[in-house]
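What follows is one structure encoded as structure tokens, with my remarks underneath.
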Amino acid sequence: MGFVWPRRGPSAPRARRAVALLLTVGAVASFAPAASAQMAPVLSPPVANGSEAAPDADLQAAKAEFETAQTLFIRDQYDQAAAHFLDAFARKPFSAFLFNAAVSYEKAQKLEKAAEFFQKYLDREPGAPDAASVKTRIEALRTILAPPVMPGVPGTTPVPVTPAAALPAIETKGLVVIDSKPQGATIYLDNKTNGVFAKTPWQGSLESKPVKLILEAKGFKPEERSISPRSDKLVDVYIALSEEHFLGWVEIVSNVPGADVFIDRKDIGAIGKTPFTGHLKPGKHTVFLERIGFKPVQQEIDILPGTATQHMIKLDKSDNGWISVAGRGAYGASVSVDGKPTCAAPCRSEVTPGVHRVVVSKGGFEDYEAELRIDRGAETVVEVSWSPRPSKRTAYVTAGVAAAFLGGGLYVGYLSNRNHDGVQNDIKAASAGVGTMVDSNDPRFSRGKWEAVAADVMFGVAALLAVSATVSFFAHGPDSVAAVDQRVIGFGPGVTSDGGGLVAWGRF
Amino acid sequence: MRPFRCRMRLSLLGLGLLCGAACNWTKFDDQSADAPVRSIGAPSGFDAHDFGKSITPLSTGRGSAAAFVATSLNGTHVVLVKLDAGGGVKTEAVTDSALVAAESSTITAVAEIPGANPTSLLLGSPRVRDQDFGRVLTYTPPDPGNSGMDDTAKTLLITALGSNDSGEGRGLAAGYLDGVADRADYVIGSDNEIAVVIDGVPASTAVGTTTVGVAPQACDVSYDALQDNRFAVRRPILAARLWADPRGPGVQQLFVGAPRATGMGTLSILNVVDGTLSCLASVTGPKAEFGHALAAGDADGDGVNDFLLVGAPGQQAFVYPGWPSLAAPALPPALALTPTPAGVDFGFAVAALNVDGLPGDEVLVSDPRATIGGKTGAGHVLIYKFDPAANALTQVGEIADHSPDTDENFGYTLNVLNFCRDAAAVAAGAACPPASLSRILLVGAANEVFVYFRVGDNIPTSPGQTVADVRTP
């Protein structure tokens with residue numbers, strides 16, 4: 001799905017993702033309220049890759065150490081301040097931390113250490129803009145620490161030199177950390193005409209004045225952000241760039257409000273009704289509009305990323321009518337019109353105007369059958385009150401008993417015929433002088449006779465039961481009935497005292 | 001509307017399929033009616049334990065193709081059973097009012113009084129009101145043309161038997177014994193005596209017409225009453241013609257069996273000459289039960305009885321062949337039948353019937369208590385082929401219930417029944433043409449009578465032979 005369906009509430013991740021798409025620049029300046037007010041809160045990385053920006057723990061720790069150090073520095077606790085600057089450096093090896101530590105040591109009159117860390121600063125960043133001044137300052141510090149001995153005057157003690165008197169004033173450095181997603185974005189300051197400033201990730205110090213950051217990367221939308229660097233701040237800027245092929249905003253309207261809107265496929269159901277608004281993935285889409293009483297319409301639309309478009313689709317009134325099977329209990333029923341299965345209820349079938357034979361069937365219930373007259377542009381709603389179909393259990397039992405009687409009759413009839421044949425064979429045998437002659441009182445006569453009577457009785461009972469079973473098999477209860485309602489709905493232009501507009505009318 | 005039509009179609013389709021699959025149960029009724037054996041159970045009101053234990057076949061169907069009488073050994077029940085030409089069964093129970101003279105006594109013996117158109121029966125009640133005296137009744141069933149019991153002739157009192165001669169009517173027979181075929185002669189057996197009523201005249205005073213053949217004559221016709229406890233059946237008296245009587249072909253002889261509870265049973269052969277019952281011969285059998293059942297048969301198929309069949313339920317039966325060739329009424333050497341494996345009451349009932357369709361009767365001997373198909377007391381009937389030339393018997397078949405039951409007692413009685421297939425003659429009450437007359441087998445059981453439509457005269461039953469049914473026109 002390349003669109004956002006406004007009717008459905010987005011899930012929490014999706015909400016975060018949506019916001020992230022709109023604003024992806026953040027800065028951390030919790031210790032500077034003014035800056036915080038200017039800098040937008042840090043937001044999630046872009047949704048393009050679907051991942052969140054994990055907080056940089058070391059950076060946060062370094063920032064905390066930096067803030068502590070600045071506080072101590074302001075309170076003239078320079079040794080402690082220097083230690084915390086170095087702790088911050090241990091977390092993040094930003095050269096500015098070494099510089100600040102050196103300044104702190106210098107303020108604490110620990111000139112050797114000051115010179116040592118100034119030198120480390122230069123070692124890590126020999127091309128720094130202030131490299132020359134730092135180098136000069138190192139030399140000045142070393143001069144103070146080892147004054148030249150006057151020749152011929154052994155044992156003279158150098159005159160102590162006050163650093164403040166010998167060195168120009170110096171302040172700690174602020175720090176700006178700029179990162180982006182994806183990394184490697186080009187950084188411009190204030191105006192792209194100033195040329196490329198750096199590539200992300202970048203950290204360093206900027207002048208303590210407001211500056212506009214411009215980040216660009218191929219395939220991503222350029223982002224801008226204003227920051228206010230200060231010497232006592234660490235400004236962290238993280239910008240997640242948005243991909244250029246983003247969703248497009250679409251609005252679909254029609255001359256008939258309330259038409260069902262389908263996008264690309266209809267089997268999953270309508271996604272809304274006109275007027276419809278929502279996001280769609282860029283590209284071509286097929287919009288279907290359907291409304292009872294009107295001919296369905298299909299239209300192709302093209303969505304451009306990051307654009308908002310409106311599509312007006314016209315619906316024409318239909319020449320057919322509809323049969324709608326609805327109501328409680330309609331689920332599971334099948335609908336056939338004029339002998340042809342049409343749909344599974346609840347459903348609506350479009351038919352030509354005229355009289356149609358409608359049959360609604362549902363398992364366990366009697367069918368509803370009726371001939372309905374369907375008018376043009378009208379929807380005939382059928383709500384069936386189902387009549388339960390009588391159980392066939394009795395029929396099956398009766399049929400079973402009938403079969404048993406039939407089987408019994410056949411068996412007893414077989415016995416009867418066997419008696420008859422046996423007697424006949426004995427008579428023939430005795431006629432030929434073999435065996436004993438059969439007399440008229442032979443028990444097989446009466447036995448065979450009663451067996452025949454019993455067989456006939458069984459046949460009769462079986463016949464009656466079979467008839468009963470047959471009737472039961474085809475027995476049905478009262479026919480299912482239905483409340484049939486015909487609705488006519490129309491739309492069209494209209495003019496009233498209040499003005500003109502779309503007029504809807506109906507017969508219910 | 002469409003769903004309703006659909007439901008209707010589906011329902012009708014289902015109903016159609018099921019109706020198509022329905023079974024036709026009436027086919028079993030048809031199949032049962034066409035069964036080669038008709039089983040007849042006790043009709044309503046008849047004692048349910050002895051419907052087949054006292055069966056008397058009638059010589060004509062009395063308006064039907066065949067008919068027989070069944071009585072109860074335990075009550076005053078008399079049923080006339082008629083079979084139509086298609087094998088259908090119709091039973092006519094004799095009402096109590098028609099049997100009022102029986103005084104609620106059991107009727108254990110029945111004999112049909114012969115004649116050109118026999119209609120009347122002799123009914124014997126050996127214990128009237130459970131007393132030691134019996135009574136013989138004449139009864140005319142309610143056949144077409146008759147109107148029930150002839151009250152004037154319903155009681156035939158045989159005074160000559162003596163008031164102390166118990167069990168009168170335990171055995172009955174009827175035939176032509178005096179050489180005159182115009183009127184039937186009655187044979188009445190009591191516990192100790194045999195009386196003959198010549199020409200059917202009640203002989204309460206006509207001593208000359210009543211002959212009593214008892215000891216000290218050579219024939220011991222006394223009846224062991226203990227047989228009642230064992231078998232509870234009628235006394236075996238057979239009026240048949242086995243040898244040529246000089247007075248003509250219609251003269252019959254009397255064969256009287258006298259089984260014993262102890263000792264050996266006897267068979268007496270008697271004759272009536274000049275109105276006098278004479279003992280011609282008597283033989284003591286090898287078994288106590290010898291003489292329990294009697295039948296006469298035609299071994300060579302010439303229409304003349306030529307062998308006597310005697311049952312001895314103690315596991316044997318005996319065939320006495322060759323009677324026509326005998327010069328004197330003496331028993332010929334017997335052929336003994338012993339079943340293998342041994343039965344229980346083999347010889348309890350006997351009959352002679354042409355079973356295989358070849359000339360000559362086969363010998364049928366029952367064992368109503370034999371174990372059949374694992375069912376004790378189920379009973380069966382064994383069929384033996386008698387070869388007169390070889391004077392030998394060979395078992396050729398067995399008859400049993402296809403689905404025997406325990407204590408069914410199949411074969412308790414064996415009888416041969418005349419079956420007339422000529423429906424027109426039957427309907428007209430005329431004599432059945434000989435070509436349409438068949439003799440079929442009746443097998444009585446404890447509570448059932450089996451009618452074998454495919455076992456009888458000229459009905460081949462040998463394997464591979466075509467079998468016809470007497471009901472087939």
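In what follows, chains carry the letters A, B, and so on, assigned in the order in which the sequence lines appear, proteins first and then strands, with residues in each chain numbered from 1.
Rounded to the nearest 0.5 Å, atoms NZ (B:Lys27) and CG (A:Asn417) are 4.0 Å apart.
Between chain A and the residues B:Asp34, B:Ile399, B:Asp401, the largest count of heavy-atom pairs under 4.5 Å involves B:Asp401. Comparing B:Ser403, B:Ala400, B:Ser39 by how many heavy-atom pairs each has under 4.5 Å with chain A, the most go to B:Ser39.
For A:Met437 against B:His402, the heavy-atom pair with the smallest separation is O-CB, 3.7 Å. Residues A:Asp439 and B:Ala35 come closest through the heavy atom pair C-CB, 3.9 Å.
A search for salt bridge (Lys or Arg N to Asp or Glu O under 4.0 Å) contacts involving A:Lys362 returns nothing, not counting sequence neighbours. The salt bridge (Lys or Arg N to Asp or Glu O under 4.0 Å) test applied to A:Arg389 returns A:Glu366, A:Asp367, not counting sequence neighbours. Under the rule for a side-chain hydrogen bond (donor to acceptor under 3.5 Å, both in side chains), the partners of A:Arg265 that lie at least two apart in sequence or sit in another chain are A:Asp267.
Under a cut-off of 6.0 angstrom, the local environment of NZ in A:Lys392 is crowded, with over 12 non-hydrogen atoms contributed by other residues, nucleotides or ligands. At most 12 non-hydrogen atoms from other residues, nucleotides or ligands lie less than 6.0 angstrom from CZ of A:Phe405. Atom CZ of A:Arg357 has more than 12 neighbouring heavy atoms from other residues, nucleotides or ligands inside a 6.0 Å radius.
Residues of residues 443-451 of chain A placed with any heavy atom under 4.5 Å of a heavy atom in chain B are listed by number as A:Pro443, A:Arg444, A:Phe445, A:Gly448, A:Lys449.
Only the side chain of B:Asp29 comes within less than 4.5 Å of a heavy atom of chain A; its backbone N, CA, C and O stay farther away.
No side-chain heavy atom of A:Asp442 sits less than 4.5 Å from a side-chain heavy atom of B:Ser32. B:Phe28 is listed as a side-chain neighbour of A:Ser416, based on a closest heavy-atom distance under 4.5 Å.
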